[in-house]
Amino acid sequence: ILEREGASFYTVFRNPGSSAAKLSQCLVTEVSAGEGAAEVSMVLAGGVFLGMEEEEFLEITGHMPGEEEFMEEEQAVLYRFYRNEAGLDYTEVKVDQTTGLVCQMKVVCNRDRDLEEQILEEE
């Protein structure tokens, strides 16, 4: 968790090397904000942000291929958009159905091209 001036941001780093490295030498593979992470300002491509109304979010992403999963217990809908068929890199946006607002966002970018190619070859 990265913290600065009282705000926290959930971040995952990956060390691509075989020996210990400073965070500045590692790859950021995941960032998320909203539920389970601090309420910080995070804006995705196209202008999607925490607190955005679902209708506006769907106008921005309506043409993008993706998955939609209703989470009954949480009364939320999870939208997931993949970079390609391998499914290693994706963006998730969760919308709270009681408020109709974007309540969580996550971006995962593994940048593992070897694994990605292996997955695609197996399909």
Side-chain angles (χ1 to χ4, degrees):
I1 298 176
L2 298 176
E3 294 184 79
R4 185 176 189 180
E5 298 175 6
S8 300
F9 198 68
Y10 181 79
T11 310
V12 176
F13 293 87
R14 189 183 99 206
N15 177 2
S18 57
S19 59
K22 295 179 181 181
L23 282 180
S24 62
Q25 298 169 320
C26 296
L27 301 172
V28 174
T29 59
E30 180 180 329
V31 293
S32 54
E35 297 174 1
E39 295 294 331
V40 295
S41 178
M42 181 174 170
V43 180
L44 302 177
V48 175
F49 60 91
L50 287 173
M52 171 181 268
E53 292 186 16
E54 182 177 27
E55 184 176 303
E56 187 178 356
F57 162 71
L58 292 174
E59 285 178 22
I60 292 170
T61 61
H63 65 284
M64 297 172 62
E67 297 176 356
E68 185 177 325
E69 176 187 347
F70 181 68
M71 306 170 81
E72 190 171 342
E73 244 181 69
E74 297 181 42
Q75 290 298 298
V77 177
L78 183 67
Y79 297 91
R80 187 175 293 121
F81 306 95
Y82 295 100
R83 188 177 65 79
N84 62 27
E85 300 81 34
L88 293 176
D89 300 334
Y90 59 91
T91 300
E92 285 183 349
V93 176
K94 186 190 287 185
V95 176
D96 183 319
Q97 294 300 282
T98 58
T99 64
L101 302 176
V102 171
C103 64
Q104 182 179 2
M105 300 187 306
K106 180 192 316 188
V107 178
V108 176
C109 182
N110 289 294
R111 299 188 67 195
D112 190 337
R113 302 296 177 229
D114 294 335
L115 181 57
E116 184 175 285
E117 287 178 18
Q118 179 184 348
I119 290 171
L120 292 173
E121 285 175 10
E122 290 174 3
E123 290 180 350

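Just so you know, these numbers come straight off a predicted model, no measurement behind them. All heavy atoms count here, side chains included; hydrogens, waters and symmetry mates do not.
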What residues, two or more places apart in sequence or in another chain, satisfy side chain to side chain contact (heavy atoms under 4.5 Å, CB included) together with Ile60?
Val48, Met52
Establish whether Val102 and Val108 are linked, either directly or via other cluster members, by ILVMFWY side-chain heavy-atom contacts under 4.5 Å.
no
What residues form a side-chain hydrogen bond (donor to acceptor under 3.5 Å, both in side chains) with Thr98, not counting sequence neighbours?
Asp96
Between Gln97 and Glu54, is the side chain to side chain contact (heavy atoms under 4.5 Å, CB included) condition met? List the steps.
CA-CA 9 Å; Gln97 294 300 282; Glu54 182 177 27; 3.5 Å; yes
Atom NZ in Lys94, atom CG in Leu101: separation rounded to 0.5 Å?
14.0 Å
Could you tell me which non-hydrogen atom of Met105 sits nearest to which non-hydrogen atom of Val43, and how far apart they are?
CE-N, 4.4 Å
Looking only at non-hydrogen atoms, find the nearest pair between Cys103 and Val95 and report the distance.
SG-C, 4.3 Å
Linking I/L/V/M/F/W/Y whenever their side-chain heavy atoms sit closer than 4.5 Å, directly or via other members, would Leu58 and Leu50 fall into one cluster?
yes
Identify whether Val107 and Phe13 are in the same connected component of the hydrophobic contact network (ILVMFWY, side-chain heavy atoms under 4.5 Å).
yes
Cluster overlap Val93 with Tyr90, hydrophobic side-chain contacts below 4.5 Å:
no
Say you draw a straight line from OH of Tyr82 to OG1 of Thr91; how long is it, rounded to the nearest 0.5 Å?
11.0 Å
Gap separating the OH atom of Tyr79 from the CD atom of Glu69, nearest 0.5 angstrom:
11.5 Å
So if you build clusters from Ile, Leu, Val, Met, Phe, Trp, Tyr with side-chain heavy-atom gaps below 4.5 Å, do Phe81 and Val77 land together?
yes
